[in-house]
Amino acid sequence: MQRKRYAPGRTGPTARTGSAARTGSTARTALGLGLALGLAAGLVGCSSGTPSEDVAVDAKAGLAASAAPPGRYQTLFEPCGAVPRAVLQEMLPGAAALSDPERDRAYRGTAAVTYDTDRRVGCSWRADTPEASHRLSLDIERVVSYDSAVSDDDRAQEVYVRKQLAAGIPLPPTAPPETGGTPTTGPSGGTAGTGGGPSQPAVTGGATPVNAPVSAPPGSTAPTAPTPTGSASGGPTPSGAPSPTGLEPRVLEGLGDVAYLDDVLGQPRASSRQRSVSVVFRTSNVIVTVSYREEAVGLAEAPDSGELQERARKVARLLADRLEE
């Protein structure tokens, strides 16, 4: 019996099986290439982003770059140890008549209860005798602005202005415009003088600039000086315009960035007279309030205004020096 030789092009079951395998492999390769190209296109699309998203990111970066600077102070000092014992002896003359434990307790002071000692602290001292009662208290607040366009100093200035207006002390008038030159119109549409001085930048965000005269917040009107019902020394005031004594509530110079003094004489009582003096000043983003009160028992005359004011101003100067350390 003879063997059959293989002839090219021969068809049969074996040839058909090999052709089908080659066709399936080619199809799978084409499908894999298609999936790879689709996945690559999807990745490119996800990483590109839209133009609007790019603009939003650039806008946020610009706001962060133009944020107002923070205040000078980030913490506060311990208030009860800020007033020396020698000064407390002057402020609390009645403490000398107390027993040793009571005197030590009076000079130690009582710290105010606050929730954040980096934002607000306070302390008070008190000494009572049968003849008089004296009380000294401190309130120290660090102001923080949560508006990136308004600095801590400008926000503190707004808080200070509200305190001064609440005390009924008129705000200093703004400086009049310079004369002697022909005004010109600046690029912002305002009027600028030709005196050669540098122009002041515009203030935005509704904040009061720290280097400008104290002015009322937007929407409020600076009050006029109230007509006192009694002189600062406690005597009656004649009818008509009161004559200034130099002890009336007023703006103070040379204390912090801005400062004022308030002097309030309490209503006469049957057996006592009371006077309260407050000195408030601002240094950068910190506002300090020194309150000093004396109540005289069994005296017809009110406590001396000049003496109380000098003592309160002395403590305020000590605290202002402490902030400069």
Side-chain angles (χ1 to χ4, degrees), residues 70-96 98 100-128 132-145 152-153 155-164 166-167 210 252 254-264 274-295 303 307-325:
R72 174 181 176 184
Y73 303 100
Q74 302 301 316
T75 58
L76 297 173
F77 54 83
E78 197 281 315
C80 291
V83 183
R85 189 182 181 96
V87 177
L88 291 174
Q89 291 174 350
E90 181 182 359
M91 304 292 290
L92 308 173
L98 301 176
D100 291 344
E102 292 177 340
R103 187 186 311 114
D104 292 340
R105 185 163 50 251
Y107 290 152
R108 189 163 52 247
T110 303
V113 178
T114 61
Y115 295 99
D116 188 352
T117 54
D118 285 336
R119 290 291 304 275
R120 193 164 199 160
V121 295
C123 190
S124 60
W125 300 262
R126 181 168 184 166
D128 299 331
S133 173
H134 294 82
R135 186 178 188 273
L136 170 67
S137 64
L138 308 179
D139 180 77
I140 307 170
E141 178 184 4
R142 182 175 69 90
V143 180
V144 177
S145 173
D152 293 346
D153 287 17
R155 186 67 72 202
Q157 177 71 359
E158 294 177 358
V159 176
Y160 170 85
V161 166
R162 287 196 292 268
K163 288 178 176 289
Q164 182 171 333
V210 296
L252 298 177
L255 181 62
D257 296 333
V258 285
Y260 70 85
L261 180 147
D262 192 18
D263 190 324
V264 179
Q274 177 179 298
R275 181 182 294 278
S276 299
V277 174
S278 299
V279 177
V280 181
F281 70 91
R282 178 186 67 81
T283 298
S284 185
N285 62 320
V286 170
I287 300 176
V288 178
T289 301
V290 178
S291 301
Y292 186 44
R293 185 185 70 191
E294 178 181 348
E295 184 174 358
E307 183 179 11
L308 267 64
Q309 289 189 18
E310 179 57 33
R311 292 178 181 177
R313 293 182 65 178
K314 183 176 183 177
V315 174
R317 287 191 296 267
L318 288 173
L319 298 179
D321 293 341
R322 178 66 180 272
L323 288 171
E324 293 299 328
E325 294 178 356

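One is the number of the first residue; the rest follow in order along the sequence. Only a predicted model underlies this, so the values are computations on that prediction, with no experimental measurement involved. What you see below is based on every heavy atom in this structure, not just the backbone, and it leaves out hydrogens, waters and symmetry mates.
With rounding to the nearest 0.5 angstrom, the CG atom of Leu255 is 7.0 Å from the OG1 atom of Thr283. If you take CG on Asp100 and CZ on Arg105, they are separated by 11.5 Å, rounding to the nearest 0.5 Å. Atom CE of Met91 is separated from atom CG of Leu136 by 4.5 Å, given to the nearest 0.5 angstrom. Put simply, CZ on Arg119 and CD on Gln74 are 10.5 Å apart, with the number rounded to the nearest 0.5 Å. Interatomic distance, CZ of Arg85 versus CZ of Arg108, reported as 10.0 Å (0.5 Å rounding). Note that the CG atom of Leu323 and the CZ atom of Phe281 stand 5.5 Å from one another [nearest 0.5 Å].
Side-chain atoms of Asp152 and Ser145 form no donor-acceptor pair, as typed in the model, at a separation below 3.5 Å. A side-chain N or O of Asp153 and one of Ser284 form a donor-acceptor pair less than 3.5 Å apart.
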* Derivation and outcome, side-chain contact (heavy atoms from CB on, under 4.5 Å), residues Val121 and Glu78 -> CA-CA 7 Å; Val121 295; Glu78 197 281 315; over 6 Å; no
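Side-chain atoms of Gln274 and Arg293, non-hydrogen and from C-beta on, do get closer than 4.5 Å to each other. Side-chain contact between Val288 and Leu138: absent, with no pair of heavy atoms (C-beta onward) separated by less than 4.5 Å. Contact annotation: the side chain of Asp263 approaches that of Arg275 to within less than 4.5 Å [non-hydrogen atoms, C-beta and beyond]. Side-chain atoms of Ser133 and Arg126, non-hydrogen and from C-beta on, do get closer than 4.5 Å to each other. You'll find the side chain of Thr117 stays beyond 4.5 Å of the side chain of Thr75, heavy atoms only. Considering only heavy atoms from C-beta on, Arg313 comes within 4.5 Å of Leu252 through its side chain. In this structure the side chain of Leu318 reaches within 4.5 angstrom of the side chain of Pro84, judged on heavy atoms. Using a 4.5 Å cut-off on side-chain heavy atoms (C-beta onward), Val161 and Glu158 make no contact.
The backbone N or O of Ser124 lies less than 3.5 Å from no partner atom in the side chain of Arg135, so there is not a single donor-acceptor pair. A donor-acceptor distance shorter than 3.5 angstrom exists from the side chain of Thr114 to the backbone of Arg120, with no hydrogens or angles considered. Formation of a donor-acceptor pair under 3.5 Å by the Arg282 side chain with backbone atoms of Val258 is not found in this model.
Across every non-hydrogen atom of Ala167 and Asp262, the tightest pair is CB-OD2, 3.9 Å. Between Pro79 and Ile140, the closest heavy-atom pair is CB-CD1, 4.2 Å. Contact between Ile287 and Val143 at its shortest, heavy atoms only, is CD1-CG2, 4.1 Å. Heavy atoms only, all atoms of each residue included: Asn285 and Arg72 are closest at OD1-N, 3.3 Å. The two atoms that bring Cys80 and Trp125 nearest to each other are O-CZ2, 3.5 Å, heavy atoms only. When all heavy atoms of Val277 and Ala312 are compared, the closest pair comes out as CG1-CB, 4.0 Å.
Judged by the 6.0 Å and 45° rule, Arg322 forms a cation-pi pair with Phe77.
The residues Glu324 and Arg317 are annotated as not salt-bridged, no charged nitrogen and carboxylate oxygen being separated by less than 4.0 angstrom. Using a 4.0 Å cut-off between charged side-chain N and carboxylate O, Glu307 and Arg311 make a salt bridge.
For Tyr260, the ring pair (Phe, Tyr, Trp, His ring centres under 6.0 Å) criterion is met by Tyr160, not counting sequence neighbours.
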